[in-house]
Amino acid sequence: MARRAATKSKPRTASKSRRTTKSSTTRRKTASRSAASRKSTARKTASRRSAGRPTARRRSARFGMTITPALAKLARQMSTAMSEMMASPTDAITLLKRDHREVETMFKEFEQLESKAEKGKLAAKICLMLTVHATIEEELLYPQAHEEIEEDLVDEAIVEHASAKQLIAEIEAMSPRDHLFDAKVKVLGEYVQHHVKEEENEMFPQLRDSDIDLEELGEQLMMRKAELLEKMSSAKR
Ligand SMILES: [Fe+2]
Ligand SMILES: [Fe+2]
């Protein structure tokens, strides 16, 4: 908590003036770009990103998640839901906030559960969702945000993701019957709550004022999320 107080008091005037200059340019640029060209750019970007990607299993190992058959099934279900969402593209912030609300609901549901088996299933779903969410933010949002908004905010978010991933790895390695399982899921929920609050209250407002095309980024995030879920759903253990 002390660290947060210190961070919030840092002067941020330099990046604010830069943001003010960029915002009018952004609006003109966004207005003049057609939806068709945004989709085309997003498709090209996704295609470039796909080239030479590691396999689903190697990638999943990289972000510390082993895809069990149960997780693959879960990813398949989430992937199906994604295809419906892709029919109505949305901007990056709306998409990320939707993920935040969804995972918050899951943490609340976890608190209400009694059955160890159900807790295990829901914790696996939470870990999968957070892993995908963190991955798309780290691959697509944070690099652009680092160029456009206060660097400190982005650096802190990266460190917070690393702490959450560590806890996710520990939860995944546990049985829901283990002594500290519930406590670890609860602490993960508290980490996430803190992180989401910072993203939504500090990072996202700066992104809205930045030069980033949030519509295009939203499409890229959605496509990458669908791609990750698709790869996870077909990953062999
Ligand atoms: Fe987020
Ligand atoms: Fe994040």
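Note that ligands are numbered from 1 as they come in the structure, with each ligand's atoms numbered from 1 the same way.
A donor-acceptor pair is defined here as one N or O able to donate and one able to accept, closer than 3.5 Å; such a pair exists between the side chain of Asp178 and the backbone of Ser175.
For the Fe ion (ligand 1), the nearest N, O or S atom contributed by Glu137 is named OE2.
Note on Lys108 versus Glu111: no salt bridge recorded, every NZ/NE/NH1/NH2 to OD/OE distance being 4.0 Å or above. Contact check on Glu139 versus Lys225 returns no salt bridge, with no Lys/Arg side-chain nitrogen under 4.0 Å from an Asp/Glu carboxylate oxygen.
Backbone or side-chain N, O or S atoms of Glu138 do not reach the Fe ion (ligand 2) at under 2.8 Å. Between the Fe ion (ligand 1) and His133 there is an N/O/S contact shorter than 2.8 Å. Taking 2.8 Å as the threshold, Glu199 counts as a candidate ligand of the Fe ion (ligand 2), since one of its N, O or S atoms lies below it.
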Walk me through it: do His195 and Glu160 pass the test side-chain hydrogen bond (donor to acceptor under 3.5 Å, both in side chains)? CA-CA 7 Å; His195 177 73; Glu160 286 166 3; 2.6 Å; yes
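Around the Fe ion (ligand 2), the two atoms OH of Tyr142 and NE2 of His195 are separated by an angle of 100°, to 10 degrees.
The aromatic rings of Phe204 and His100 sit parallel, their planes meeting at an angle under 30°, below the 60° perpendicular limit.
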